[in-house]
There are 2 protein chains.
Amino acid sequence: MAEDPRKRVELLWGASERPSRGPKPKLTLEDIVAAGVRVADEEGLEALSMQRVAKELGFTTMSLYRYVPSKERLVEVMLDRASDGPPVFTGEVRDWREEIEAWVRALWAMYRLHPWALEAKVSAPPIGPGQLAWFEAALRPLAHAGLTDGELISTVMFLLGAVRELAGIAFGVERARAQAGISAAESEAGYDALLREFVDAERFPSLAKLVSEGAFAPSGLADEGVDLDLDFGVRRVLDGIEAYVAARRG
Amino acid sequence: MAEDPRKRVELLWGASERPSRGPKPKLTLEDIVAAGVRVADEEGLEALSMQRVAKELGFTTMSLYRYVPSKERLVEVMLDRASDGPPVFTGEVRDWREEIEAWVRALWAMYRLHPWALEAKVSAPPIGPGQLAWFEAALRPLAHAGLTDGELISTVMFLLGAVRELAGIAFGVERARAQAGISAAESEAGYDALLREFVDAERFPSLAKLVSEGAFAPSGLADEGVDLDLDFGVRRVLDGIEAYVAARRG
DNA sequence: CTAAAACTGTGTATCACTTACACGAAATAG
DNA sequence: CTATTTCGTGTAAGTGATACACAGTTTTAG
């Protein structure tokens with residue numbers, strides 16, 4: 001029941017010594033993880049089974065368990081590996097706001113590449129190399145904003161969370177409508193219609209006002225709805241940080 | 001494959017007419033959902049199976065399928081019902097910032113009550129009555145901030161996302177350490193130690209700086225770590241909105 | 001050298017779970 | 001009344017995770 005956290009970290013960081021005896025392994029953890037990511041990328045997390053991954057590699061299901069203690073653990077490593085490769089900026093930070101916005105866009109793009117990463121639950125702070133790389137990438141520019149250490153950490157966590165959740169909704173909707181074979185505009189219209197049908201002014205007065213004003217009506221920007229939510233939110237966070245730091249200095 | 005979105009919404013809103021023929025149903029959708037929520041609250045989402053819910057009610061597994069098309073759908077309704085009951089303020093909005101912060105705390109509390117709600121993936125905008133109630137509750141105070149309709153929606157989505165994700169991490173960590181039987185301080189110390197071991201200054205310079213400065217060292221506030229991240233982030237968003245609105249009016 | 005020890009990939013089996021299907025009982029329409 | 005519809009149930013199929021023991025492989029102690 002109580003999973004050894006050490007083992008977990010070792011798996012994530014590839015820090016296990018090869019035993020000296022016994023036959024040479026024909027697989028590696030990274031082979032398995034890569035195969036898993038491939039399957040998940042192409043067929044979704046639902047299609048990911050130990051048997052599916054094993055077939056992908058041409059081995060038996062049970063062979064995987066020599067490298068990975070459980071499917072859950074495998075997915076954990078997959079998550080870390082998929083999130084590897086944030087944009088690496090070097091040199092001086094010119095415009096920290098600009099770089100943070102670029103970081104957000106890059107994170108968004110990563111989730112677009114690996115949408116299954118949004119289906120797996122996250123229940124731990126970043127501990128693997130891939131996730132810490134994203135942390136680092138945000139920290140670099142943000143360190144120029146004038147925050148304390150604790151505030152820096154809070155901000156990064158907050159941004160990581162917001163991006164992930166909004167990406168989850170955005171790609172979820174996208175997938176649903178792709179499956180249903182309707183356009184983005186039709187999908188938005190459907191949402192608008194749903195709200196118009198069920199949101200009554202007595203129970204949901206503020207919402208009803210928005211609905212009646214057409215705030216949920218399909219815009220020309222159909223495909224970018226949630227994307228825009230994110231941009232707006234991120235900019236407000238950055239504004240807020242500037243105002244906060246200015247006030248403290250003031 | 002292509003699930004009928006209408007059926008989905010009907011289930012969520014309880015909008016289906018009772019057929020006139022046949023025996024009277026001995027169960028209701030809400031009975032089943034309530035039993036599901038009970039199980040999930042006490043034993044987690046993992047323990048939630050159709051058989052477990054059926055046993056809870058004293059019926060056979062298959063009887064549930066007369067009321068719910070699939071387990072996935074059941075969880076969807078459970079999610080909506082669990083998130084019912086946001087704080088209802090009436091009368092004038094006195095201090096919109098204060099009310100938003102109270103709303104965030106209430107949302108946090110709801111997730112604490114139903115932590116399994118954080119394990120289920122969310123892949124759609126709010127469509128059920130419970131989730132829309134939360135939307136409404138945020139909208140009411142926020143409408144006094146001076147934002148456009150679109151900006152209002154973006155802000156609420158952004159906040160919903162951030163709270164959810166940070167709650168997911170916070171309660172995930174909490175659960176893990178409860179299982180491992182260690183204190184919050186020990187858990188924080190473990191994280192700090194992990195970072196100290198693996199974060200090298202070459203690969204993660206900014207992070208390494210924070211680590212060496214003790215930014216991840218256990219604080220006296222141990223139990224409130226992520227909670228604090230959220231507070232800070234939310235306040236920055238609100239600051240940012242004020243600054244943004246002021247600048248536009250400016 | 002050789003035998004024991006450690007480790008590999010495999011085959012088999014178990015257990016838990018979702019869900020399809022058909023049956024007999026119950027309720028209503030006409 | 002009787003035909004129809006819907007209810008709860010029993011049975012069974014299909015999928016998936018993973019425990020366990022086995023046979024072959026490699027290393028090392030002596």
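In what follows, every chain begins at residue 1, and chains take the letters A, B, ... in the order their sequences are listed.
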> Over how many whole Å does the gap from B:Lys26 atom NZ to D:dT6 atom C1' extend?
Replying inline: 12 Å
>> Strictly below 4.0 Å: does B:Gln51 bring a side-chain N or O up to OP1 or OP2 of C:dA16?
In response: no
>> I'd like to check the ring pair (Phe, Tyr, Trp, His ring centres under 6.0 Å) partners of B:Tyr191; sequence neighbours left out, ordered by chain and number.
In response: B:Phe216
> Expressed in angstrom and rounded to an integer, what is the separation of B:Leu64 atom CG from C:dC17 atom P?
Replying inline: 14 Å
>> Looking at B:Val211, is its backbone amide N or carbonyl O close enough to the side chain of B:Asp192 to form a donor-acceptor pair, meaning the two atoms are under 3.5 Å apart?
In response: no
>> I'd like to check the side chain to side chain donor-acceptor pair (under 3.5 Å) partners of A:Gln51; sequence neighbours left out, ordered by chain and number.
In response: none
> Which of these nucleotides, D:dC7, D:dT9, C:dG9, is closest to any side-chain atom of B:Pro25?
Replying inline: D:dC7
> To the nearest Å, how far apart are B:Arg73 CZ and C:dT18 P?
Replying inline: 15 Å
>> Just verifying a value: how many Å separate B:Leu27 CG and B:Tyr67 OH, rounded to the nearest 0.5 Å?
In response: 4.5 Å
> Using a cut-off of less than 4.0 Å, is there contact between a side-chain N or O of B:Ser63 and OP1 or OP2 of D:dG8?
Replying inline: no
>> Heavy atoms within less than 4.0 Å of DNA chain D: which residues of residues 31-50 of chain B have one? Give them sorted by number.
In response: none
>> Students often get this wrong, so: under 4.0 angstrom with heavy atoms, is B:Tyr65 touching a base, only sugar-phosphate, or nothing?
In response: base
> For A:Tyr67 and C:dG9, is the shortest distance between a side-chain N/O and OP1 or OP2 below 4.0 Å?
Replying inline: yes
> Once you round to the nearest 0.5 Å, how far does CG of A:Leu207 lie from OG of A:Ser212?
Replying inline: 10.5 Å
> Which pairs pass ring pair (Phe, Tyr, Trp, His ring centres under 6.0 Å) with one or both residues in residues 7-66 of chain B, sequence neighbours excluded?
Replying inline: A:Phe198-B:Trp13
>> With rounding to the nearest 0.5 angstrom, report the CG to CD distance, B:Leu48 to B:Glu119.
In response: 10.5 Å
> Taking protein heavy atoms under 4.0 Å as touching, what does nucleotides 20-30 of chain D look like 5' to 3' if B marks base contact, S marks sugar-phosphate-only contact and - marks none?
Replying inline: B---BBBBS--
>> Can you pull out every side chain to side chain donor-acceptor pair (under 3.5 Å) where at least one residue sits in residues 23-41 of chain A? Sequence neighbours excluded, please.
In response: A:Thr28-A:Asp31, A:Glu30-A:Arg81, A:Arg38-A:Glu56, A:Asp41-A:His114, A:Asp41-A:Trp116
> Please give, in whole Å, the distance from D:dT18 P to A:Leu74 CG?
Replying inline: 10 Å
>> Just the rounded figure in Å: distance from C1' of D:dT15 to NZ of A:Lys55.
In response: 13 Å
> So how far is it from B:Glu197 CD to B:Leu195 CG, rounded to the nearest 0.5 Å?
Replying inline: 10.5 Å
